[in-house]
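For reference, the structure is listed below as C-alpha cells.
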There are 2 protein chains.
Amino acid sequence: MALDLRKQQVLEAIVVSHIETAEPVSSRSIARKYNLGVSPATIRNEMADLEEIGLIRQPHTSAGRVPSQKGYRYYVDKLMKKADLTPREERLIRAIFAKRVKVLADIIQCTLKAVTQLTDYLVFLSGPYFENDVLKKIKIIQLMPGKALLVIMAETGWVHSKGMDLSSDITADDLAYIELVLNHYFQGLTFTQITRTVLKDVYNELTRYRKTINHILEIMEVVLQEEMKENLYLGGTNRILKQPEYSDVEEVRNLMNFIEREENLITILQDADPYRVTVKIGEEIKSEQATKYSAITAAYNIGGNIMGTLGLLGPMRMDYARAMTVVEHITSVLSEALSEDNFY
Amino acid sequence: MALDLRKQQVLEAIVVSHIETAEPVSSRSIARKYNLGVSPATIRNEMADLEEIGLIRQPHTSAGRVPSQKGYRYYVDKLMKKADLTPREERLIRAIFAKRVKVLADIIQCTLKAVTQLTDYLVFLSGPYFENDVLKKIKIIQLMPGKALLVIMAETGWVHSKGMDLSSDITADDLAYIELVLNHYFQGLTFTQITRTVLKDVYNELTRYRKTINHILEIMEVVLQEEMKENLYLGGTNRILKQPEYSDVEEVRNLMNFIEREENLITILQDADPYRVTVKIGEEIKSEQATKYSAITAAYNIGGNIMGTLGLLGPMRMDYARAMTVVEHITSVLSEALSEDNFY
DNA sequence: AATTAGCACTCGTATCAAATGAGTGCTAAA
DNA sequence: TTTAGCACTCATTTGATACGAGTGCTAATT
C-alpha cells in the first residue's frame, strides 16, 4: 500500500489531530492547521481516497474523519516521528528511582508511579518470573523435629525456599537420601521442565518414602508455581478515566471488565516481543473485548536476562509516539536499577 | 433519640425502599407497599418530623425522601432485620471453597470470588500479617561459599526465609556466633518489637562483624517488613459499577481514585474491630473522599489468632443486612479453611 | 387531638419542533 | 489538477410546553 506524499501528509494530519482532540477531523481544519498549500476541497478528495483504502472512516455522513485501525498501524509503522521526554520529565524519573530501596516490591511501585505520572494510560507490569531459570541445587534442611526447609537454588543466583511439615519418623539420613535423589533428577533442568514432566518419575523412584516424597514434591511444586506465576501489578486505573472516550459509562464498564480479568493483561505481556517495543492496535490484541484498545509493551531485564514486561493500555486513539518513548525509557531505567544491585 | 413506633416504621420503609430502588421514596409509595394503616398525608407529617431530626433528607423540593447518614446508622443499629443466605448461596460458597488448594494465594482468590458472586460491591482483603507473631528461633545456613539462608521461625509455626549474599571471608564459625547472638537478643520478641527497637542494639554488640551483621540485619528487616506488610487483595471493581450511583462518570472517577490509593482501603481494614462485624457509614470512614461510601468489615483468624480482615465497600445506599451476613459468613468459612490445614 | 381529603404549588424531566452549524460530495469553472 | 461554490445531510442545541411526581398546608372528619 504505497501512498503518495500528500496522502501521507493528510493521513498523518488526521491521526495527529485526532489523537490530540479526540474529535473527527475535518478537511478545513487540516487546511488551516497544517499548511499543505492546498484547499479543503483537495483534501476532501484525498480523504475520499484514503477512506476507500480503509485507512480512515467517517462516523456519520456529516462528520469529519477518524483513523481506522489500519490507519493507526500505517501511522505507527511509517509516519510517526519519535517523541522525546523533556529534561523535566527525565529528572522526574530519576527522582522517583533515586530513593534506592532494595526490595523488589518497592522498585515495582516506583515503576508504576513513574509511568502513571508520565501518561494517562493504564500501566501494568509482570514481576520477575523464573520459568527459564535452571535448577542448580536442592537442599532439605531439618529445622526441628517435624519441621524442615526446602531450598531451591537456581543458576541466576536467586534462592527460593519454603518451610514444610514432616512426619516425625523421618530421620536425617532419610532426608539426605531424598535430597540426593532429587538433585540427581532435577539438577540442570529449567523450572518449566521440572513441573511439566519429571515430578512424577521421581515419585516412582522413591517408593520407600512414598508419603514423605509426595509431600516434598507437593511443596516443591508450590514453590515453583509461585515463582513462575506471572505476578501482575497494576496502576493508573483512575488516570485512564481522564481520556474522553471514558466519559461514557458503558465504555468504563467494558474497560473495567477487561482489566479485572488478569489473564487479559497477562496475555498481552506474554505476546510481547521481548527484544523491542511492541505496539498492538485494536484487534491485533488477541481478545474479543479489546478491539477498541491499544497496548504498548517492552521487556525489562536483569543483567541481560529478560525477567518481565511493562505494558501500557489505552484507547486506540493513544499517543503512540509518547507512549512508546515512555515505555522504552522506563524499562531501560528499571533494568539498570535491577541489575545494579541484589534485590530481595 | 427515641422514636415512636410509627416513626420507626416509616424510617425503616424509607431505608429499605431506597436501598432497593435507589430512588427517593414518596409518602404514597410507603402507604401502598407497607401497610401501616395510615394515609400518605399522615406519613408526610411523620416524614417532616424525621427530616427535622436529621434522619432523612429531600434531594429537592418536589422529590421524595432519602435516608441521611444518621438515618442509615439508626437503621443499622436499631431497625435492621438479619438477612440469611439461601441454601443455594450456601452451596455456592461451599463449592468455591471445596477444591481445597493448600496455597494461601489460591484460597484468597477463592474468597474474593465467593464474595464477588454474592454481592455487587467492592471486595478487599488483607492477607495474613504477622506483626504480633513471636520469634522462636533464627538460623543462618550456609548454602555455598558466599551464599547463605536466613531462616526465621515463629511461634505460630510459620517459617520465613530468604537467601542472601555474604562476603566470602566469613567462616562457618563466624556465622554460628552471629546466630547465637541474634537468638539471644531476639528470641521471644514480636516482629514489631524487633523492627521497632532492638535491631540497632545488636549492631553495637557485634562490632567485630560490622559489615556482615549490617547486611544480615538489613535482610532480616526486609523479611520482617515483607511479612508484616498488609498485603491487599482486591476484586469486584466491575461488579460495583452495576450500582446505579455509578452511571455518572464523575462518581466512577471518584470511586476509582479512592480505591487506587491502597492506604485508603488498608486504613479501613485496620480500623475494624477484630471481634465483630463492623459497619462504617459515610463520614464514619476516616477519609475525606469516602463521605459517600459505606464499608463492612470482619476479621478472619487461623486457629483463633486474628490474621487479616475482609472488607466490602459500596455506596452508602448498600444492602447492609445482606452485606453483613455475607462478610460474616465468608470470614468464618475462610477461618475454618485456613485452620484446617497447613498453608504455604 | 389525631387523621386525612383536597388542592395549590414546586420543580425536575420528557417531548417536540425549529434553528444551527459543521462537514461532506458534487459540479463546473479556473 | 485544483478549487470555488452550493446543495444536502445529520447530530446537536435551544426553547417552549406539557407533564407528573411529590410535597405542604388547610380545613373537614373521626
Side-chain angles (χ1 to χ4, degrees), chain A residues 3-11 13-15 17-18 20-68 71 244-245 247-248 250-251, chain B residues 3-11 13-18 20-68 71 244-245 247-248 250:
Chain A
L3 297 186
D4 66 53
L5 178 63
R6 201 171 58 196
K7 281 199 176 51
Q8 291 190 356
Q9 290 175 323
V10 172
L11 177 58
I14 292 174
V15 174
S17 173
H18 185 250
E20 191 190 340
T21 64
E23 296 294 327
V25 184
S26 76
S27 55
R28 228 187 91 212
S29 74
I30 293 182
R32 216 182 319 116
K33 285 202 296 186
Y34 310 78
N35 45 349
L36 307 184
V38 288
S39 77
T42 312
I43 295 175
R44 276 205 290 283
N45 288 330
E46 300 289 23
M47 282 172 26
D49 292 351
L50 287 171
E51 183 161 12
E52 196 154 0
I53 322 177
L55 293 176
I56 59 180
R57 13 174 234 100
Q58 222 175 346
H60 56 260
T61 331
S62 67
R65 304 303 212 291
V66 297
S68 67
E245 9 279 288
S247 50
D248 174 14
E250 202 42 46
E251 291 301 326
Chain B
L3 298 185
D4 65 53
L5 178 63
R6 199 171 59 197
K7 282 199 176 52
Q8 291 190 357
Q9 291 175 323
V10 172
L11 177 57
I14 292 174
V15 174
V16 169
S17 172
H18 184 250
E20 189 192 339
T21 64
E23 298 293 326
V25 184
S26 75
S27 53
R28 228 188 91 212
S29 75
I30 293 181
R32 215 182 320 115
K33 285 202 295 187
Y34 310 79
N35 45 349
L36 308 183
V38 291
S39 78
T42 312
I43 294 175
R44 275 205 290 284
N45 289 329
E46 300 288 25
M47 284 179 14
D49 293 350
L50 287 171
E51 182 161 13
E52 195 155 1
I53 322 177
L55 292 175
I56 59 179
R57 8 173 238 102
Q58 221 175 349
H60 58 259
T61 329
S62 67
R65 304 302 213 289
V66 296
S68 68
E245 9 279 288
S247 50
D248 174 14
E250 200 44 45

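Remember, it's a predicted structure, so these values are computed and weren't measured experimentally. Letters A, B, ... mirror the listed sequences (proteins, then strands); counts begin at 1.
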message: Assuming nearest nucleotide by heavy-atom distance, tell me which of Gly37(B) and Arg28(A) is located more 5' along DNA chain C.
response: Gly37(B)
message: Of all nucleotides in DNA chain D that come within under 4.0 Å of a heavy atom of chain A, which is furthest toward the 5' end and which toward the 3' end?
response: dT2(D) to dA11(D)
- line: Assign each of Thr61(A) and Pro40(B) the nucleotide of DNA chain C bearing its closest heavy atom; nearer the 5' end lies the nucleotide of Pro40(B)
task: Grab the NZ-P distance between Lys7(B) and dT3(C) for me, whole Å please.
output: 10 Å
Can you give me every donor-acceptor pair (side chain of residues 34-43 of chain B, partner residue at least two apart or in another chain, under 3.5 Å) with its distance?
{"residue": "Ser39(B)", "atom": "OG", "partner": "Ala41(B)", "partner atom": "N", "Å": "3.3"}
{"residue": "Ser39(B)", "atom": "OG", "partner": "Thr42(B)", "partner atom": "OG1", "Å": "3.4"}

field: Euclidean distance, Leu3(B) CG relative to Asp49(B) CG, rounded to 0.5 Å
entry: 10.0 Å
- request: Check the distance between dT3(C)'s P and Glu46(B)'s CD and give it to me in whole angstrom.
  value: 7 Å
statement: The side chain to side chain contact (heavy atoms under 4.5 Å, CB included) partner of Ile14(B) among Ile30(B), Val66(B), Leu55(B) is Ile30(B)
query: Which whole-number value in Å describes the distance from Arg44(B) CZ to dT4(C) C1'?
result: 9 Å
query: Considering residues at least two apart in sequence or located in another chain, which fulfil the side chain to side chain donor-acceptor pair (under 3.5 Å) criterion with Glu251(A)?
result: Lys292(A)
field: Spacing of Gln8(A) atom CD and Glu46(A) atom CD [to the nearest 0.5 Å]
entry: 11.0 Å
- line: In Arg65(B), Met47(B), Arg32(B), the residue satisfying side chain to side chain contact (heavy atoms under 4.5 Å, CB included) with Ser27(B) is Met47(B)
message: Can you measure Arg65(A) atom CZ to dG23(C) atom P for me and round it to whole angstrom units?
response: 12 Å
message: Between Ser39(B) and dT3(C), is there a contact of a side-chain N or O with OP1 or OP2 at under 4.0 Å?
response: no
